[in-house]
Structures are given as structure tokens and as C-alpha cells.
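Remarks on the structure that follows.
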There are 2 protein chains.
Amino acid sequence: MHTVKQVEDNRQEVKRNFIAYLEKMNQRKTPERFAILDEIYMNEIYLDKKHFDAESLFLHMKNNNYRVSRATVYNTLDLLVECGLVTKHQFGENITKYEAGLGNKQHDHLICNKCNKVLEFCDPRIQQIKNMMGELLHFEITHHSLHLFGDPKLDANGKCIACEKEVK
Amino acid sequence: MHTVKQVEDNRQEVKRNFIAYLEKMNQRKTPERFAILDEIYMNEIYLDKKHFDAESLFLHMKNNNYRVSRATVYNTLDLLVECGLVTKHQFGENITKYEAGLGNKQHDHLICNKCNKVLEFCDPRIQQIKNMMGELLHFEITHHSLHLFGDPKLDANGKCIACEKEVK
DNA sequence: ATAGTTGCAAAAGCTTTGCAGTATG
DNA sequence: CATACTGCAAAGCTTTTGCAACTAT
């Protein structure tokens, strides 16, 4: 995903997906819904904000003078999750994050205990565990969630290596 | 854990652990704290309620006419989690559950897509993943959560092998 | 036209906090 | 007796809901 054309192609594909879903479910194609999708999409592409929460999304739109309500943000996020354009993660007690992206490579998450920053990683062993435990316990494993939580190691200046900020 | 003696021995060991922790941390040994520990302990042993939430614990004590506040319940649960006598699980958006048990072998959960039954399993590879990813991403991994979700395989009569019930 | 959507604010649900009173060490 | 802990209620936070107004179809 690099050239302007590729970005635009992806943008169109995501939008087509959403429209198809809305039509299938007899849901209206309101400007708010597309504005929210655009916002998420823009964040991912241009700001590299892959994980975000509902409140930030809402505030960001408000700050850009787009008139939208929290209720609509939550409602639209639900729709996007249902149609697979967005994934919802429960990273902690009160830390629900959404992840933009269509057909991302399977990955798991490491969450920083100090700042809640989310890092991603892949490990083939998790697939092996799924296979083995499915067999052993007589289940067809459909999906999983694996979160690691940890304290960041600090550099010589006491800054978190991961987020490059001071850690108390 | 079967005979009366074993139950009592375990009860005493759990209590000793808590006392040791409180003393180490210069925390007071208040009756409320022990009452809460007892309540959790009793639930596990006699009611087989391994997973519980803060509110039920609070209500159960209230109903038994023990004067205690939510604040104290939450405070004490934190202490018990810190000293390892209780584990805290995030099973969903607003589903925080605590799990009683001293030195339970580290385990993860497989959740049935059909009936939400929770099975437990252990796999040493998860520890290896934690070690490797902590190293790789510069974190000291403190804990993790791994949930597998799956559809149960059925026996000849169409019953779930895991829960032995009919599955639609 | 007409039902699905929206914005707003209030409510809900779980957890934490502030404070005055209590009891542990 | 000093101060950590407690109960209570109020406040916090994120998410949901109720309702009148609006709008996509």
C-alpha cells in the first residue's frame, strides 16, 4: 500500500464493501456512516493509527467540525465490525480498541502496562496450540485472542523503548 | 481436595499466604479482608463457583448480613490478586471475573461458541512465546490472556462431547 | 410519505474517589 | 494514639437508551 493509486483503490474497495453490506442488511447509506468510515480510513493510511477507540474517533471528528454524535459513532462501529471492515479488541478492563483494516495478516497483541500502547506480533506456535487443543478437547477452533501484557524496558535516559516517552 | 481435613488445610494455607502478604506490605489485617477471603474460599469449595464477579461477591455478603462496602470488596480483591490468591480475568467487554485458587497451575481457556462453557488447558509453548516476544519487543511480560473459541464436535447422537448437551 | 437514523442528554453499569469516622498496630 | 482502613455516597468513564427531529428511499 504505497502509491496514490493503491491507496485510492483500497479506499474504494473498502467503501464498496460497506455499501454492499448496508444494502444487504437494508440499512441506509447515511453521510455520517461514510464520514466515519473515511475518518477511520484516513487515520490508518495517513496517521498510521491502526488502533483507536470510539471516543478519540468521535473527538477527532468533532474537532474537524464534523457534526456527529457518540451514539452514531458507536452504532457505525458496530456495523463496520459486523461486516468485517473493522475488528474490535478488548485490551483491558476499560480499554476497547478498534482496528481498521481489511484482510490483515493474523496477528496478536502486546499491550504496554504503562501507556496502553499496542504492539503486534505473529508467532506460528499459536496456530499449533489451536490445532492441538482443538483436537484434544474435541473442538473446531474458529478464532482466538491472545494478549500479552508487560512493562516496557527503558533506555539509558529512562524512556520507554517502545513509545519513546518518559515512564514513571 | 476432598476430605474435610484437606479442605481445612487448604483454607489455612490460603489464609497464611494472605497474612504473610499483608505483613510484608505493612497492610492491616482487618476483619473485612478475612471475611472476603473466606467468602471467596467458601464459594469455591462448597458452591463450586470458581469464577465470580465483584458485585455478586458484594451482594452475597450483604445478603448474609455481613456489613461491607463495594469499595472494600474491590480493594481487597486487588490485594488478593496482587498476592496471587485470586486471578482476574477479562472475559468480555464488561465481564470482569475473578477466579479463586492458590497456585493453580497456569492455564488458558477454550470457550464454546455454542454454549459459552469454559474449558481449561495448559500449553508450555505459550510461555515460550511470552519469553521470546518480551525479548524481541523489549518488554518484561507480566501476564497474558489467551482465549480459544470453537465449535464443539458432536457425538453420534448429535450431542456436544464437551457439555453432553444437544447442540442446535 | 414513512420508517430508519441522528443528535442530544440523560441513564446505565461498573469501578474509583473523597471524606468523616473507626479501629489496627 | 497515629494513621491506615472502612462505609457511604458521589463522581468517573465508557457505552447505551429514549425521544423528538430529520432524512434516505
Side-chain angles (χ1 to χ4, degrees), chain A residues 15 18-39 51-83 86 88-98 111 115-116 118, chain B residues 15 18-39 51-83 86 88-98:
Chain A
K15 191 162 176 177
F18 193 31
I19 290 176
Y21 179 78
L22 291 176
E23 287 176 346
K24 193 180 75 181
M25 304 300 279
N26 279 313
Q27 300 258 15
R28 289 184 182 170
K29 301 187 266 297
T30 67
E32 289 82 3
R33 289 174 176 174
F34 290 113
I36 289 168
L37 179 57
D38 274 348
E39 184 67 33
H51 298 93
F52 58 92
D53 58 75
E55 183 68 11
S56 328
L57 182 60
F58 167 72
L59 287 178
H60 200 258
M61 296 187 78
K62 274 284 192 196
N63 291 341
N64 288 349
N65 296 312
Y66 191 91
R67 190 165 174 275
V68 73
S69 70
R70 281 189 182 79
T72 301
V73 168
Y74 280 102
N75 164 22
T76 303
L77 281 172
D78 282 347
L79 290 174
L80 290 169
V81 167
E82 281 161 29
C83 75
V86 163
K88 186 173 184 176
H89 297 292
Q90 195 64 39
F91 284 140
E93 190 127 17
N94 267 322
I95 313 167
T96 303
K97 297 259 183 175
Y98 296 85
I111 299 104
C115 69
N116 291 329
V118 176
Chain B
K15 193 161 176 178
F18 193 31
I19 291 176
Y21 178 78
L22 291 176
E23 287 176 347
K24 193 181 77 182
M25 303 302 278
N26 278 313
Q27 299 258 17
R28 291 182 179 172
K29 302 188 264 296
T30 67
E32 288 82 3
R33 288 175 176 174
F34 291 113
I36 290 168
L37 179 58
D38 273 348
E39 184 68 34
H51 296 93
F52 59 92
D53 57 76
E55 183 68 10
S56 329
L57 183 59
F58 167 73
L59 288 178
H60 200 259
M61 295 187 79
K62 275 284 193 198
N63 291 341
N64 288 349
N65 295 312
Y66 192 90
R67 190 167 174 275
V68 73
S69 69
R70 282 188 181 78
T72 301
V73 168
Y74 280 103
N75 164 22
T76 303
L77 282 172
D78 283 347
L79 290 174
L80 290 169
V81 168
E82 281 161 29
C83 74
V86 163
K88 188 173 182 176
H89 295 292
Q90 197 64 42
F91 280 134
E93 189 128 18
N94 268 320
I95 314 167
T96 303
K97 296 261 182 176
Y98 296 85

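Worth knowing before you read on, the calculation uses all heavy atoms, side chains too, and leaves out hydrogens, waters and symmetry mates.
Atom-to-atom, OH of A:Tyr66 to P of C:dG7 comes out at 8 Å; the value is rounded to the nearest Å. In this structure, B:Ile19 places its CD1 atom 15 Å from C1' of C:dG25, rounding to the nearest Å. Atom CZ in A:Phe52 sits roughly 16 Å away from atom C1' in D:dT14 (whole-Å rounding). What separates CZ of A:Phe58 from C1' of C:dG7 is a distance of 9 Å, to the nearest Å. Between the CD1 atom of B:Ile36 and the C1' atom of D:dC5 there is a distance of 12 Å, given to the nearest Å. If you take CG of B:Leu57 and C1' of C:dT15, they are 14 Å apart, rounded to a whole angstrom. A straight line from CG of A:Leu79 to C1' of C:dT5 spans 11 Å, rounded to a whole angstrom. Regarding B:Asn26, its CG atom lies at a distance of 14 Å from the C1' atom of D:dC5, rounded to whole Å.
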Report the C-alpha distance between B:Leu22 and B:Arg33 in whole Å, list the side-chain angles of each, state the deciding distance to 0.1 Å, and finish with yes or no for side chain to side chain contact (heavy atoms under 4.5 Å, CB included).
CA-CA 10 Å; B:Leu22 291 176; B:Arg33 288 175 176 174; 4.0 Å; yes
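Note on the helix from C:dA1-D:dT25 to C:dG25-D:dC1: angle between the axes of the first and last five pairs equals 30°, rounded to 10 degrees.
In this structure, CZ in A:Phe52 is found 9.5 Å from CD in A:Glu39, a value given to the nearest 0.5 Å. The CE atom of A:Met61 sits 9.5 Å away from the OG1 atom of A:Thr72 when rounded to the nearest 0.5 Å. Rounding to the nearest 0.5 Å gives a distance of 6.5 Å between OG of A:Ser56 and NZ of A:Lys97.
Residues A:Ala54 and A:Leu77 approach most closely at CB-CD1, 3.8 Å, considering heavy atoms.
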Can you give one letter per nucleotide of nucleotides 15-25 of chain D, going 5' to 3': B for a protein heavy atom under 4.0 Å from the base, S for sugar-phosphate only, - for none?
BBB-----BBS
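Salt-bridge annotation for B:Glu32 and B:Arg67: absent, with no side-chain N of the basic residue lying under 4.0 Å from a carboxylate O of the acidic one.
For the pair A:Lys29 and A:Phe34, the cation does not sit on the ring face, since its NZ or CZ is not both under 6.0 Å from the ring centre and inside 45° of the axis.
Checking the phosphate oxygens (OP1, OP2) of C:dC8, a side-chain nitrogen or oxygen of A:Lys62 falls inside 4.0 Å. A close approach under 4.0 Å does not occur between any side-chain nitrogen or oxygen of A:Arg67 and OP1 or OP2 of C:dT6. Dashed line: the shortest gap from a side-chain N or O of A:Asn75 to OP1 or OP2 of C:dT6 is under 4.0 Å.
When side chains are defined from C-beta on, A:Gln90 does not count as touching A:Ile95, because their heavy atoms never get closer than 4.5 Å. For the pair A:Pro31/A:Tyr66, a side-chain contact is recorded, criterion being any heavy-atom separation below 4.5 Å from C-beta on.
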